[in-house]
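Notes to accompany the following structure.
Throughout, protein chains are lettered first and strands after them, A, B, ... in sequence-line order, and every chain is numbered starting at 1.
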Amino acid sequence: MADDDLTSVPPIAPPVPSSSSSSSSSSSSTGASGPLLSVTDLSVTFHTDDGDVHAVDSATFDVAENETVGIVGESGSGKTVTSLALLGLLPRSATIAGDIRFKGRSLLGLSDKQLQPIRGEEIAMIFQDALAALNPVHSVGAQISEAIRVHHPDTTPKELRARSVELLDIVGIPNPTERVDQFPHEFSGGMRQRAMIAMSIANDPDLLIADEPTTALDVTVQAQVLDVLERIQDRTRSSIILITHDLGVVAGVVDRVIVMYAGRQVEFGSVDDTFYEPKHPYTEGLLASLPRLDRRTEKHSRLHRIVGQPPSLIRLPSGCAFHPRCPYADLGGRCDQERPELVEVGVGHRSACFFPERVGTGTET
Amino acid sequence: MTAVAPEVPNVDDGLDFAPEPITQWKLFRRRFFRHRGAVIALVVLILLVIACFGVSWISPFDPNRLDLLADSVGPGSAHWLGTDELGRDQLTRILVAGQLSLKIAFSIAILSVAFGTMVGAVAGFFGAVADQFLMRLTDVFLVVPELAILAVALEGFGSTGIVIILVLSGLFWMGIARVVRGQVLAIREKEYVEAARAAGARPARIIVRHILPNIIGPIMVNMTLAVTAAIITESTLSFLGFGVQPPQTSWGRMLSSAEGYVGSDKSYLIYGPGIAILVTVLCVNFIGDGLRDAFDPQSEKH
């Protein structure tokens, strides 16, 4: 493979509308050639002895070329399961329904054998815990080489090494020629995560799935890692799905955001729309729960919290899964009877709430 | 935020580096040679192998020539370890016997470990039906009465070295298979295996490149145990009369023929082959120890 794959910008059409994290979100990505990835009604169910667990329930979203889409939600809201479903990495016990189209080709129903050429080459994954995701017995360079060789078995050892060094350099690891021979345990946490990223971009994939890439890192290192991701995206024009529970991370680097609650997608829109004008009470609650330095003046004020607990995925509340915790819920009315669909509430902004107009009216305390 | 200042902004520079790369192999060697016991053991074993297979050049005696005038001579300057009851030089006999013992022991260890590892890795990695089938097969082999099978097989096919190797290998792989399966089950769940899968690696590649290197320690330890067990089982067989047949000889055969002299004035005849077995087993165990450390990158100490 050419050594300058990453540096040469592939000749794709100028970015799809929602390029920067500002302004209009008029991009349900009706780009000329359609979105890079589109997910329709994706549902993942695990069958357990206690009943069926609906880990993901009718997720519908798309990712345009060169776009960064964030998926946020608390633990158990189905973020990781969604990403694993994209790569076909879920255990066989999972029942998957819906459709996943990547470059117009349906990924669901493909066998492992058919998915292998796609994994790592076209869709790559960055794992949360880099120490666990790096093999302790191989040097970092050997692991990057391995990622390349899986898809390009004819690459010579010399090329592999040169490319590994180059990739480490790209992700900002100092002294890459020395570092390439070191083992994961000789790297610091942030460097490990960067080495992971180097592995995942080794084949110049079109879509990067980053599952909580910064969660295990401290704040300054988080910023560096996000910075690396952004630089890589500028360079390779790949799309990124960024899974996180950190709203600060989302606000910083993401174009559009999906908010998930109890396996369901509750809101989907541009970061600005979603954060400044949330149209779902859960999103609003999440944002209000962020500690803020500039609100300190209110004496005795306590940190906002969303009352109650996330529901069990086996026995979800009737109607809207969020209604028991929702300050605006119309009890006895639609909220606990009917399940809200994801509907358009603005341009490219969708919410699964019957009363999106109530959000932000401050009925909550 | 910008603490990540790449030192070499021009990525093409990555291609020009010339210093010889530190390869995995070099690291491995460095760690192995740091283990003094293993190095000494390796040297001793190599010398032993050279002595055994080069015996016709270093020994002035013909191992099969009978010298009835010099039977049962004790250790001395003419015959360092004395002669046996038929007047054959004991040291020469030991070295000749070593050829067969070492060949048999190492062949059995390598064959049984290779086969057991394969069975265990496939069973552990794929699970489900493959696991059930292979592990029940392993159980069947485990309950087979070893000596009975050996006796029948050796009677049927003749007691040549190759038959002994194949039959013993066929009876030795089960322990390894179970150990490897258990280890693979644990490693299979590691995130780096999932990462490899996410990178598009095929199962065979994942097993060979990602799982096996992580369990090389237990495999090595079991391999050294297999060498030991093979030498001892071969001795047992020879002792019972099923092993190699004269004029071929092995350490086990020599031990069993000297067994009757324990306590007599010819008791010196049991020490030679006994010590040869002991030294070989010890060396192999030390080397196994060194290998295990060398395969573990975290054992690097400064």
Checklist line | Residues of residues 166-186 of chain B within contact distance of chain A, non-hydrogen under 4.5 Å | finding: none

Item checked: Nearest heavy atoms of A:Val150 and B:Gly200, plus distance in Å -> CG1-O, 3.4 Å

Item checked: Structural part of A:Leu87 lying under 4.5 Å from a heavy atom of chain B -> side chain

Note to self: Rounded at 0.5 Å granularity, tell me how far CD1 in B:Ile206 sits from CG in A:Asn135.
What the structure shows: 11.0 Å

Margin query: For residues 105-139 of chain B, give me every residue with a non-hydrogen atom less than 4.5 Å from any non-hydrogen atom of chain A.
Written below: none

Checklist line | For the student: nearest non-hydrogen atoms of B:Ala195 and A:Ala133, plus distance | finding: CB-O, 3.8 Å

Check: Which one, A:Gly190, A:Pro117, A:Gly120, leads in non-hydrogen pairs under 4.5 Å with chain B?
Finding: A:Gly120

Checklist line | Which of A:Met196, A:Gln222, A:Lys113, A:Arg149 touches chain B most, by non-hydrogen pairs under 4.5 Å | finding: A:Arg149

Margin query: Within this structure, what is the NE2-OH distance for the pair A:His138 and B:Tyr192, rounded to the nearest 0.5 Å?
Written below: 9.0 Å

Notebook entry, point to check: Could you name the residues of residues 122-131 of chain A that have a heavy atom within less than 4.5 Å of a heavy atom in chain B?
Noted result: A:Ile123, A:Met125, A:Phe127, A:Gln128, A:Asp129

Notebook entry, point to check: Quick one: CD on A:Gln116 to CZ on B:Arg205, what's the gap to the nearest 0.5 Å?
Noted result: 11.0 Å

Check: Just wondering, are more than 12 heavy atoms of other shown residues or ligands nearer than 6.0 Å to NZ in A:Lys103?
Finding: yes

Checklist line | Residues from residues 36-48 of chain B approaching chain A under 4.5 Å (heavy atoms) | finding: none

